[in-house]
Amino acid sequence: SSKSPLEQLLSSLHDDQDHCDLFRQWLESSTVSTELGKRGFHRELTTTVELRPNVLHDISVLLLYRWPNGVYVDPYQLASLSAHNDWQILLDSSIDLEVPAHKTLGFLSYVYLSNAGSTSSLLKATIPVHGRYHEPSLAGETFTTVHIKPPDMLLRTGKCLDRLESYAVVDAPCTVSNSSMCPWVKINRQQEEGIIIFQVPVGDGSVVMPVCVGTLLVTIVCCVALSKYMLKYQII
């Protein structure tokens, strides 16, 4: 026999309560870890999200990165890799690939992790990250340090926001299409992650003057020698 309206209402309330309890568990127990791979100017930042408990249902997962001006991501490279990724990325501004670090600003990116049909509690996103050219060091240093903060993990569900007063709620694009904004709930970090260190090679500014003077002297000597040769053999 079919349920009465009251039974349907009670069942719906019970399902909502179960859903909100699960959502709260995810906020309290899920973790985010990051690691930087490769060397030099071209690196890979891998972020691993572990969802606890391992139940994937009607919840969206978003990573919010706040990138410093010392690095950039290549939109064209990301587009070429998109067919092979289980995640999508949205940038908050256009990226100029050529400008040096001191002439640009940091930027945000939103990475939407796909948990559709997943049976694993681990979700990963590996983003190619490139170091920008920096001003030469006047102290003779050969590397400069760029600090990358770990991303914030945000969760979204169509329910429960009125039951999560103790959690921070932020507005972010609902999907990678950036057509509308939605409220997302920020997870509580189990422990404060360390800053990611990106070592970028830089030029030695202390040798700029000797190099310029040496280059000028070599140029003058070569011009004089070439002029004498041309006059000697009457080459016009």
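Residue numbers start at 1 and run along the sequence shown.
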Check your understanding: Should Asp171 and Trp184 be marked as a side-chain contact (heavy atoms from CB on, under 4.5 Å) after you check the CA-CA gap, both sets of side-chain angles, and the distance that decides it?
Key -> CA-CA 6 Å; Asp171 289 330; Trp184 294 76; over 6 Å; no
Practice item. Before giving the answer on side-chain contact (heavy atoms from CB on, under 4.5 Å), spell out for Ile95 and Asp74 the whole-Å C-alpha distance, their side-chain angles and the decisive distance to 0.1 Å. Key: CA-CA 7 Å; Ile95 305 294; Asp74 186 342; over 6 Å; no
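Taking the centre of each ring, Phe107 and Tyr65 stay at or above the 6.0 Å mark. The distance between the ring centers of His130 and Tyr72 falls below 6.0 angstrom.
Connection of Leu78 to Leu97 is established within a shared hydrophobic cluster, with ILVMFWY side chains joined at heavy-atom distances below 4.5 Å, either directly or through further cluster members. The hydrophobic cluster containing Leu105 does not contain Val73, counting ILVMFWY residues as joined when their side-chain heavy atoms lie under 4.5 angstrom apart, directly or transitively. Residues Leu81 and Tyr110 fall into different hydrophobic clusters, defined by Ile, Leu, Val, Met, Phe, Trp and Tyr side chains chained together at heavy-atom separations under 4.5 Å. A continuous path of hydrophobic side-chain contacts links Ile148 to Phe41 [ILVMFWY only; heavy atoms under 4.5 Å]. Tracing side-chain contacts under 4.5 Å through hydrophobic residues (I, L, V, M, F, W, Y), one never reaches Ile220 starting from Met230; they form parts of separate clusters.
Distance check, rounded to the nearest 0.5 Å: CG of Leu91 to CH2 of Trp67 gives 10.0 Å. Distance NE2/His147 to CD1/Ile196: 11.0 Å, rounded to 0.5 Å. Atom SG of Cys20 and atom CD of Gln25 lie 11.5 Å apart (nearest 0.5 Å). Once rounded to the nearest 0.5 Å, the distance linking NE2 of His84 with OG1 of Thr126 reads 14.0 Å. Rounding to the nearest 0.5 Å gives a distance of 12.5 Å between CG of Leu27 and NZ of Lys186. Atom CG of Leu64 is separated from atom CG of Leu108 by 6.0 Å, given to the nearest 0.5 angstrom.
Between Val202 and Phe143, the shortest heavy-atom distance links the atoms CG2-N, 3.8 Å. Contact record, Leu113 with Ala125: CD2-CB, 3.9 Å, taken as the closest heavy-atom pair. The nearest pair of heavy atoms linking Gln199 to Arg43 is O-NH1, 4.1 Å. Pairing each heavy atom of Cys182 with each of Arg156, the nearest pair is CB-CD, 3.6 Å. Here the closest heavy-atom approach between residue Ser177 and residue Thr175 is recorded as OG-OG1, 2.7 Å. The heavy-atom pair separating Gln77 from Pro128 by the smallest distance is OE1-CB, 3.5 Å.
Between Ile187 and Leu154 the shortest side-chain heavy-atom distance does not fall below 4.5 Å. Side-chain contact between Phe198 and Leu45 is absent, with no heavy-atom pair separated by less than 4.5 Å. At least one side-chain heavy atom of Val61 sits less than 4.5 Å from a side-chain heavy atom of Leu155. Side-chain contact between Ser114 and Trp87: absent, with no pair of heavy atoms (C-beta onward) separated by less than 4.5 Å. Proximity of Glu44 to Leu36: side-chain heavy atoms (C-beta onward) are nowhere separated by under 4.5 Å. Residues Val49 and Leu51 form a side-chain contact, since some pair of their non-hydrogen atoms from C-beta on lies under 4.5 Å apart. Between Thr104 and Arg132, the closest side-chain pair of non-hydrogen atoms falls below 4.5 Å. Residues Met153 and Ser30 are in side-chain contact: their nearest non-hydrogen atoms beyond the backbone lie under 4.5 Å apart.
By the 6.0 Å contact criterion, OH on Tyr133 is open, its count of non-hydrogen atoms from other residues, nucleotides or ligands being 12 or less.
With hydrogens and angles disregarded, no donor-acceptor distance shorter than 3.5 Å links the side chain of Asp92 to the backbone of Ser109.
Ionic pairing of Arg66 and Asp152 is present here: one or more N-O contacts between side-chain nitrogen and carboxylate oxygen are shorter than 4.0 angstrom.
For the side chain to side chain contact (heavy atoms under 4.5 Å, CB included) test, residues two or more places apart in sequence or in another chain that qualify with Leu217 are Val213.
In summary, the side chains of Thr47 and Thr34 do not present any donor paired with an acceptor at a separation below 3.5 Å, with no hydrogens or angles considered. Side-chain polar atoms of Gln88 and Ser82 form no donor-acceptor pair below 3.5 angstrom.
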